[in-house]
*Asks:* 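Here it is: the structure, laid out below.
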Amino acid sequence: MCRFIETIRIEGGKVWNLSYHNARMNTTRKRVWGNCSALSLEDILKPEPWQERTRCRVVYGENIEEVVYIPYTIRQVSSLKLVSCDDIAYELKSADRSMLDKLFALRGEKDDILIVKNGRITDTSIANVALWNGTEWHTPSFPLLKGTQRQFLLDRKQIIETDISVENLSSYSRICLFNAMIPFGEITLSCEELDY
């Protein structure tokens, strides 16, 4: 049975980007199960007004199966290892992360991996990325997962989709990691910390 997840940030009494999570969840459900009626996360979430950053993990199939609230501690990332894998697919946020876990195990002494697919930069094991060219932030046109925070930033024109190959990484000086739990700008490192 297919199981999928939404990871939702709750902080300062606010549920972040809920409309984006609703849209992705219902798009996934329709793609996998056909013409099923839409679900609303607003009807399911019962968060306390936490001030600390909290991860709400929603596990679902055709219907919601589990909702868990977990205090969140950010995992610091200060170095990345480029890992190539042309066979990886993670366009739906599946509960099965086995391929990502196998690639993550190849990081060696680095904190995380930056996955390359067909010669193009995609994502880390946990986050979408954007790279700074001195003028603007570019996010890969072909991510493994089109994250909710990524779409939020694209809609506000804070990042621009660009086809980023390994060969043109040298034109970027900084890389920013972000996802539903990690706001844009919270983890940024020098491209010199990329291990080819």
Side-chain angles (χ1 to χ4, degrees), residues 1-75 87-101 115 117 120 122-130 137-163 176-186:
M1 181 174 127
C2 297
R3 297 172 82 225
F4 301 94
I5 55 175
E6 286 298 322
T7 303
I8 302 164
R9 175 181 162 210
I10 301 172
E11 186 173 12
K14 177 181 175 181
V15 180
W16 294 79
N17 294 336
L18 192 56
S19 63
Y20 289 89
H21 291 286
N22 266 326
R24 182 170 63 187
M25 177 183 68
N26 286 305
T27 298
T28 298
R29 290 175 61 249
K30 284 184 182 178
R31 181 169 167 181
V32 176
W33 287 282
N35 194 20
C36 51
S37 59
L39 296 175
S40 173
L41 288 167
E42 291 95 332
D43 297 337
I44 296 158
L45 301 184
K46 305 293 182 210
E48 297 296 323
W50 288 294
Q51 296 304 308
E52 300 297 320
R53 194 172 304 178
T54 301
R55 177 174 62 159
C56 174
R57 185 174 190 265
V58 178
V59 180
Y60 67 96
E62 192 170 355
N63 295 296
I64 302 293
E65 297 178 11
E66 180 182 48
V67 179
V68 180
Y69 302 94
I70 308 159
Y72 183 77
T73 302
I74 195 164
R75 185 179 85 192
D87 300 326
I88 189 167
Y90 194 70
E91 61 190 44
L92 301 179
K93 192 171 173 63
S94 171
D96 179 4
R97 290 180 45 90
S98 55
M99 179 63 89
L100 289 168
D101 292 341
I115 302 166
K117 182 174 181 178
R120 294 180 171 119
T122 64
D123 299 322
T124 73
S125 71
I126 60 162
N128 290 130
V129 299
W137 287 99
H138 292 170
T139 194
S141 297
F142 303 98
L144 295 179
L145 178 71
K146 292 182 176 179
T148 56
Q149 180 72 357
R150 178 182 182 273
Q151 192 58 54
F152 173 85
L153 294 166
L154 284 168
D155 289 348
R156 280 150 187 77
K157 302 188 183 332
Q158 291 179 253
I159 59 175
I160 299 166
E161 275 191 326
T162 307
D163 189 358
C176 180
L177 282 58
F178 56 92
N179 61 26
M181 295 302 302
I182 305 169
F184 189 80
E186 203 162 282

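Both backbone and side-chain heavy atoms feed into the values below; hydrogens, waters and symmetry mates do not. Source: prediction; values computed, not measured.
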*Asks:* Is the backbone N or O of L92 less than 3.5 Å from a side-chain atom of T28, with the two atoms forming a donor-acceptor pair by type?
*Replies:* no
*Asks:* If you count heavy atoms of other groups shown closer than 6.0 angstrom to CD of E42, is the number above 12?
*Replies:* yes
*Asks:* Is there a side-chain contact between I88 and T122, using heavy atoms and a 4.5 Å cut-off?
*Replies:* no
*Asks:* State, without any angle test, whether S94 and D96 hold a side-chain donor-acceptor pair at a distance under 3.5 Å.
*Replies:* no
*Asks:* For the residue pair F4 and W33, does the interplanar ring angle fall in the parallel (under 30°), tilted (30 to 60°) or perpendicular (over 60°) class?
*Replies:* perpendicular
*Asks:* Please check if the side chain of N22 supplies one atom and the backbone of L41 the other of a donor-acceptor pair under 3.5 Å.
*Replies:* yes
*Asks:* Is a donor on one side and an acceptor on the other found under 3.5 Å between the side chain of N179 and the backbone of G147?
*Replies:* no
*Asks:* Do the non-hydrogen side-chain atoms of N128 and L153 ever get within less than 4.5 Å of each other?
*Replies:* no
*Asks:* Are the side chain of R97 and the backbone N or O of S125 linked by a donor-acceptor pair below 3.5 Å?
*Replies:* yes
*Asks:* When rounded to the nearest 0.5 angstrom, what distance separates SG in C56 from CD1 in I5?
*Replies:* 11.5 Å
*Asks:* Identify the two heavy atoms, one from Q158 and one from W137, that lie closest to each other, and give their separation to 0.1 Å.
*Replies:* O-CB, 3.9 Å
*Asks:* Side-chain donor-acceptor pair under 3.5 Å between Y90 and D123, yes or no?
*Replies:* no
*Asks:* How far does CE of M181 sit from OG1 of T73, to the nearest 0.5 angstrom?
*Replies:* 9.5 Å
*Asks:* CD1 of I126 to CD1 of I74: how many Å apart, nearest 0.5 Å?
*Replies:* 7.5 Å
*Asks:* Examine distances only and state if a side-chain atom of R3 and a backbone atom of V59 form a donor-acceptor pair shorter than 3.5 Å.
*Replies:* no
*Asks:* Do P183 and R9 touch side chain to side chain, with heavy atoms closer than 4.5 Å?
*Replies:* yes
*Asks:* Mind listing the closest non-hydrogen atom pair of Y69 and K46 along with its distance?
*Replies:* OH-N, 2.8 Å
*Asks:* Once you round to the nearest 0.5 Å, how far does OG1 of T148 lie from CG of N17?
*Replies:* 5.5 Å
*Asks:* Counting distance only, does the side-chain N/O of T139 pair as donor-acceptor with the main-chain N or O of V129 below 3.5 Å?
*Replies:* yes
*Asks:* Would you confirm whether Y20, through its side chain, and R150, through its main-chain N or O, come within 3.5 Å as a donor-acceptor pair?
*Replies:* no
*Asks:* Quick check: closest heavy atoms across F178 and Q149, and the distance to 0.1 Å?
*Replies:* CD1-CG, 3.8 Å
*Asks:* Going from SG on C2 to CD on E62, what distance comes out if it is rounded to the nearest 0.5 angstrom?
*Replies:* 11.0 Å
*Asks:* Would you say that Y72 contacts I182 through its side chain, given a criterion of any heavy-atom pair below 4.5 Å between the two side chains?
*Replies:* yes
*Asks:* With salt bridge (charged side-chain N to carboxylate O under 4.0 Å, His left out) as the test, pick out the partner of E91 among R31, K146, K117.
*Replies:* R31
*Asks:* Are V58 and L45 side-chain neighbours, meaning at least one heavy-atom pair lies under 4.5 Å?
*Replies:* yes
*Asks:* If you look at every heavy atom in N26 and A38, which pair is closest and at what distance?
*Replies:* OD1-CA, 3.4 Å
*Asks:* Say you draw a straight line from CH2 of W16 to NE2 of H21; how long is it, rounded to the nearest 0.5 Å?
*Replies:* 11.5 Å
*Asks:* Taking the side chain as everything from C-beta on, heavy atoms only, tell me whether I64 gets closer than 4.5 Å to L39.
*Replies:* yes
*Asks:* Identify the heavy atoms of C176 and G185 that sit nearest to each other, and give their distance.
*Replies:* SG-N, 3.3 Å
*Asks:* Go through it in stages, so that I can follow the logic: the residues are L145 and R24, the test is side-chain contact (heavy atoms from CB on, under 4.5 Å), and I'd like the CA-CA distance, side-chain angles, deciding distance and then a yes or no.
*Replies:* CA-CA 11 Å; L145 178 71; R24 182 170 63 187; 3.8 Å; yes
